[in-house]
Amino acid sequence: MHAEQRERLILEAIEATGFIAYRDLEARLDASPATIRRDLTRLEKAGTIVRVHGGAKPASEARNGRTGLAGTPFEQSITQNLAQKQAIGRAAAALCEPGEAVMIDGGSTTLQMCPHLDGLDLQVLTNSLHIIDALLPQTGTRLLVPSGVIFREQNIILAPAGEESMPRFHAPKLFMGAASLGPQGVMQQDVILVAAERRLIDRAETLILLVDSSKFNSSAGAIVCALDEVDVLVTDSGIPADMAEIVRKSGVELIIAR
């Protein structure tokens, strides 16, 4: 493959997701790491990309000063549909068994589980500083966190795609939120978040998704997983009937929080 062809494929991959990991480029281009480094160096000198830890992203993001994740800032999302999120969090917490190990992904809905976990003596792996803060007063709850960069808008700890940052940890259950959910699967608005959630999914036996019904009316571009990878969906009574049917036909257990 000629250098021009590789560069075109690199730019297409970056434009599609906003970030591409070095390991993904090696797989896509069937080229050596040294060749890919030379390609990226040329593109960076041309001003079309910026090389970052773990991969590369469009130069336009650096010029625009983007340092956070795409999507709604946490302090805004936590006030949206609060009553529904509280009910979902309570129903999700009821799925935890005393003394077990669980993973709780950062999010405004998963945060609502925290008040209901007191007394269960759980071991919790979470990437959310908000969840850590909520669980710290619970003396019986043991906490683990991954390494990585703190994204202030969401107060979440994430590592670049392709970089291993998780402790050696395996849990029966992963509780995870999403930006949107549709027939095509579970979606997020930032590819870095997608990569982090895939690492969590790989460590869990059961994926439990927590989304309020407003998430069925929106669409985000980056797919985290297909519907049939979800084991349990906890949502509120506002879920559209057609979407509820799709969820059930995908083999997902549907829990309506009241």
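Residues: numbered from 1 along the sequence shown.
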Hey, is CD1 on I150 packed in by over 12 heavy atoms from elsewhere, all under 6.0 Å?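 Counting neighbours around CD1 of I150, 12 or fewer heavy atoms of other residues, nucleotides or ligands fall under 6.0 Å, so no.
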Determine whether more than 12 heavy atoms belonging to other residues, nucleotides or ligands lie under 6.0 Å from atom CD of Q5. yes
Do you know which two heavy atoms are closest between [X] and [Y], and how far apart they sit?
X: L122; Y: G99; result: CD2-N, 4.1 Å
X: I131; Y: G106; result: CD1-CA, 4.2 Å
X: D231; Y: E205; result: OD2-O, 3.9 Å
X: R42; Y: A3; result: NH2-CB, 3.4 Å
X: A93; Y: L117; result: CB-CD2, 3.8 Å
X: V211; Y: G177; result: CG1-C, 4.5 Å

Distance check, rounded to the nearest 0.5 Å: [X] atom [atom1] versus [Y] atom [atom2]?
X: L111; Y: T126; atom1: CG; atom2: OG1; answer: 9.0 Å
X: L135; Y: H130; atom1: CG; atom2: NE2; answer: 13.0 Å
X: K85; Y: Q112; atom1: NZ; atom2: CD; answer: 8.0 Å
X: L40; Y: I49; atom1: CG; atom2: CD1; answer: 4.5 Å
X: S214; Y: N81; atom1: OG; atom2: CG; answer: 4.0 Å
X: E100; Y: L120; atom1: CD; atom2: CG; answer: 8.5 Å

Got a salt bridge between E7 and R38, using NZ or NE/NH1/NH2 to carboxylate O under 4.0 Å?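 Salt bridge flag = no for R38 with E7.
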For a side-chain contact (heavy atoms from CB on, under 4.5 Å) check, start with the C-alpha distance between F175 and D105, then their side-chain angles and the critical distance, and finish with the verdict. CA-CA 6 Å; F175 297 89; D105 189 34; over 6 Å; no
Heavy-atom distance under 4.5 Å between the side chains of [X] and [Y], does that happen here?
X: V186; Y: E197; value: no
X: T110; Y: S128; value: no
X: V102; Y: Q123; value: no
X: M113; Y: L210; value: yes
X: E97; Y: K173; value: yes
X: V252; Y: V232; value: no
X: C96; Y: H116; value: no
X: T206; Y: I208; value: yes

Quick one: do E253 and I255 satisfy side-chain contact (heavy atoms from CB on, under 4.5 Å)? Show the steps, please. CA-CA 7 Å; E253 179 185 352; I255 296 176; 4.0 Å; yes
Could you walk me through whether T109 and Q84 pass the side-chain contact (heavy atoms from CB on, under 4.5 Å) test, one step at a time? CA-CA 9 Å; T109 308; Q84 292 93 327; over 6 Å; no
Applying side-chain contact (heavy atoms from CB on, under 4.5 Å), run through L209 and L181 and close with a yes or a no. CA-CA 10 Å; L209 193 68; L181 181 67; 3.9 Å; yes
Passes side chain to side chain donor-acceptor pair (under 3.5 Å), R51 versus T41? Steps please. CA-CA 8 Å; R51 297 171 73 176; T41 297; 2.9 Å; yes
In sequence, state the C-alpha distance, the side-chain angles, and the governing distance for D236 and S213, and then conclude on side chain to side chain donor-acceptor pair (under 3.5 Å). CA-CA 6 Å; D236 59 77; S213 56; 2.7 Å; yes
Result of checking V124, I132, N127, L125 against V145 for side chain to side chain contact (heavy atoms under 4.5 Å, CB included):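 Result for side chain to side chain contact (heavy atoms under 4.5 Å, CB included) with V145: I132.
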Apply salt bridge (charged side-chain N to carboxylate O under 4.0 Å, His left out) to R198 and E229, showing your working. CA-CA 11 Å; R198 284 303 318 180; E229 291 185 67; 3.1 Å; yes
